[in-house]
Amino acid sequence: MEDLSFFSDLWRLVRTGATFQRTGALDEAMRTLEAPTGLRVAAKVLMWPVQWLGEKGDPSLPPVVRAIQALGPSYVKFGQILSTRPDVTGPELSLQLRVLQDKLPPFSMDRARRAVEFELGAPVEALFAEFGEPIAAASIAQVHRAVRADTGETVAVKIQRPGIARAFARDISAFYFVARTIERFAPKTRRLKPTDVIAHFDGVVQQELDFRLEAAAAAEFAANSADDAGFRVPEVIWELSASTVMTSQWVTGTNMGDVEALRAQGIDMEEMGARVVQVFLNHALRDGFFHADMHQGNLKVGPEGDLIALDFGIMGRIDAYTRRVFAEIVYGFLRQDYRRVAEVHFEAGYVPADRDMDEFAQALRTVAAPIFGQDASKISMARLLAHLFDVTERFGMETRLELILLQRTMVVVEGVGRSLDPRMNMWETSKPVVERYVRDNIGPGAVARDLFETVRILSRFGPLLPRMAEEALINRNRGEGEKPSRGKSSSWGIGLLGMGAGAGFTLLGLWIATLL
C-alpha cells in the first residue's frame, strides 16, 4: 500500500507541474516570483516533455487561475490566499486570482437538491418555499438563496461540493509526501516541522468539511462579537443544518473585493481597511478565537456600513498564555524595544536557552529597523514575518504550530486592508488594539485576576489538600518499612512546596485585590 501511495503522490506532483506548463502558468508564475534564470530553465526542461499529462483547464481563464482551478480544491485554497497578497503576486495577478474566492463553476441544481434532501431528510419543497440557483461557488461549497416554507424567512443554504472530501484527501496525501521528502533530503528544514505543518493543515481542512463544526463555530463567534460595533455575524439556523448542508440568516451587502462598488456606496476606505485589521486583532487577542480565512470573498459591507463576516469553516484558537506572548512581541516591535522582544522569546521557550539574548535582540533590530524607517505603504507585516523567520532559524527556534494560523491570517488581513487603502500603515493600525490588550492583561490588574483564578482552581481541591499534606508528611517521616523512592519523595516535596506557594499567592492576591 505504501508503494502505491508513493507512486500516487509522485504522479500528483508531476501532473501539477505538467498542468502549469500546459496552461502557460509556469512561465507567468516564475516571472511573477522573480525566480532565478537557472530555476526557470530547469523547470521548463523537466516539464516540457510531460506537459501533455497536465490538465487543460478552462481556456477562457488567465493561465495561473486556469491551472489552479484545474488542479482542484487544495490548490484553489492556496490561490485564495495568494489573491490577498498583491505585494507578492503583483496587482494584476492578485486581481485575477480573486475569481477563486467565490466565482468558481457551480455544480448542478439537481445534485444540490439531492444533497439537501439526503442531509435534511425531507424534500426540498417541504423545507423551502423557494430554492434558487447558486449565487456563489467556492472551493468547498456553493450557496443558494432560499425561503423557508414554515416562516417565510429568506435564508442562505450552503451545500458541500460532491466528492470534495476525496479530492482533499488525495491532495493532502501528496503534500505529506513533499513534506517527508523535504525532511529527509534537507535536514535544516526539520526545525520547521513540515510534516507537522501539513498535519495541522489536514486537521483544519477536516474541520472545514464538517458543516456542523462550522455552525458551532459561527454561533460561538457571534456570541463573542455580539457587542462589537460595526461588525455582524449571520445567525445559524440549526434545524436546517447538517454535516454537508448549513443554513443561516440571509444578509445583503457589497463584496469586500468590489472596491469600486464600495466607493460608490460611500464607504470610507481608510476606515474600513483599518476596521478589518482591528476587528481581527481584537478577536484574536480578546477572545482567543478568530476568523482564520478573512479574504475578500468571506467579507461583505452591509447597507449601513457594517462589516459582515461569512464562512466559518476555518477558525483559529489560541490560549491565554500564547495571546500574551504574541501581544508582547508585537508591542515590543511597536515600541522598537528589541531587548524585550528577545526576552519574551526566551521566556516562552521559543528560542533555546543556551543562545545569547543580546545577540538575538540585535538580530531582531536588523529585522524591524529598516521596515519602520520606510514609507507607510511599504511597511509590511508579511515582510517582517519573513525576515523574522530567517533570524529565528539562525537561533534555532522551532516552528510554533499554534501560531501558524494566526500569522497566516495576519498576512491575509493585511492584504485585505491594503486592497482598500494601499497606504495603510499596518503597525499604526494595530497599535490601539495591542496597547489596549497589554494595558488590560499585563500589569497589576492582570496579576490580581490570575491569582484569583489560581485560588478558584485550588478551592476545588480544598477538601483534599489536608489529607494530601498529611499523607505526604507520614510517608516522608516513615522510619520503617518501604521507603519512598527519591523521585517519589521529591514529587511530594514539590507538591508541598506548591501548596505553600499557592497559599502565599492566595494571600498576596487578596491583598492586591483590596488595593485595586
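Residue numbers run from 1 in the order of the sequence given.
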Phe333 vs Ile329, test: side chain to side chain contact (heavy atoms under 4.5 Å, CB included). Steps then yes/no.
CA-CA 6 Å; Phe333 275 121; Ile329 290 173; 3.8 Å; yes
Would you confirm whether [X], through its side chain, and [Y], through its main-chain N or O, come within 3.5 Å as a donor-acceptor pair?
X      : Y      : result
Thr254 : Ala261 : no
Thr429 : Asn425 : yes
Gln265 : Gly302 : yes
Thr247 : Ser241 : no
Glu133 : Met109 : no
His291 : Asp311 : yes
Arg275 : Gly230 : yes
Arg286 : Asn224 : yes
Asn282 : Gln278 : no
His283 : Phe289 : no

Verify the neighbour count for atom [atom1] of [X]: are there more than 12 heavy atoms of other residues, nucleotides or ligands below 6.0 Å?
X      : atom1 : answer
Glu239 : CD    : yes
Asp227 : CG    : no
Glu235 : CD    : no
Glu270 : CD    : no

If I take atom [atom1] from residue [X] and atom [atom2] from residue [Y], how far apart are they, to the nearest 0.5 angstrom?
X      : Y      : atom1 : atom2 : result
Arg436 : Asn441 : CZ    : CG    : 11.0 Å
Arg111 : Arg161 : CZ    : CZ    : 9.5 Å
Ser248 : Glu214 : OG    : CD    : 8.5 Å
Arg15  : Arg22  : CZ    : CZ    : 9.5 Å
Arg145 : Ile135 : CZ    : CD1   : 8.5 Å
His345 : Phe395 : NE2   : CZ    : 11.0 Å

Closest contact, heavy atoms only, [X] versus [Y]:
X      : Y      : value
Thr154 : Trp250 : O-CB, 3.2 Å
Val124 : Glu117 : N-OE2, 3.4 Å
Val143 : Ala156 : CG1-CB, 4.0 Å
Gly57  : Ala70  : CA-CB, 3.8 Å
Phe231 : Ala309 : CZ-CB, 3.8 Å
Ile318 : Ala284 : CD1-O, 3.8 Å

Quick one: does [X]'s side chain get under 4.5 Å of [Y]'s, heavy atoms only?
X      : Y      : answer
Arg232 : Val251 : yes
Leu285 : Phe326 : yes
Leu406 : Phe290 : yes
Met272 : Leu262 : no
Met246 : Gln160 : no
Ile164 : Leu209 : yes
Phe20  : Met47  : no
Val116 : Ile159 : yes

Will you find, in the side chains of Glu119 and Ser243, an N or O donor that is under 3.5 Å from an N or O acceptor?
yes
### Any side-chain donor near an acceptor of the partner, Ser60 and Asp58, under 3.5 Å
yes
(message) Evaluate Glu153 against Ile237 for side chain to side chain contact (heavy atoms under 4.5 Å, CB included), listing each step before the verdict.
(response) CA-CA 11 Å; Glu153 178 188 5; Ile237 300 171; 4.1 Å; yes
- prompt: So Ile140 and Phe211, side chain to side chain contact (heavy atoms under 4.5 Å, CB included) or not? Walk me through it.
  reply: CA-CA 11 Å; Ile140 298 290; Phe211 288 177; 4.2 Å; yes
Could you walk me through whether Arg418 and Glu414 pass the salt bridge (Lys or Arg N to Asp or Glu O under 4.0 Å) check?
-> CA-CA 6 Å; Arg418 285 276 171 83; Glu414 181 185 23; 3.8 Å; yes
**Prompt:** Using the ring of each side chain (for Trp, its six-membered ring), is Phe312 parallel, tilted or perpendicular to Phe221, with breaks at 30° and 60°?
**Reply:** tilted
Phe128 vs Val155, side chain to side chain contact (heavy atoms under 4.5 Å, CB included): CA-CA, chis, key distance, verdict = CA-CA 9 Å; Phe128 303 105; Val155 295; 4.0 Å; yes
Query raised in the report: With the threshold set at 4.0 Å, does a side-chain nitrogen-carboxylate oxygen contact exist between Arg439 and Glu435?
Result: no
Between the side chains of Arg317 and Glu220, is the shortest nitrogen-to-carboxylate-oxygen separation below 4.0 Å, so that they form an ion pair? yes
Of Ile267, Asn298, Leu310, Leu307, the one forming a side-chain contact (heavy atoms from CB on, under 4.5 Å) with Met256 is Leu307
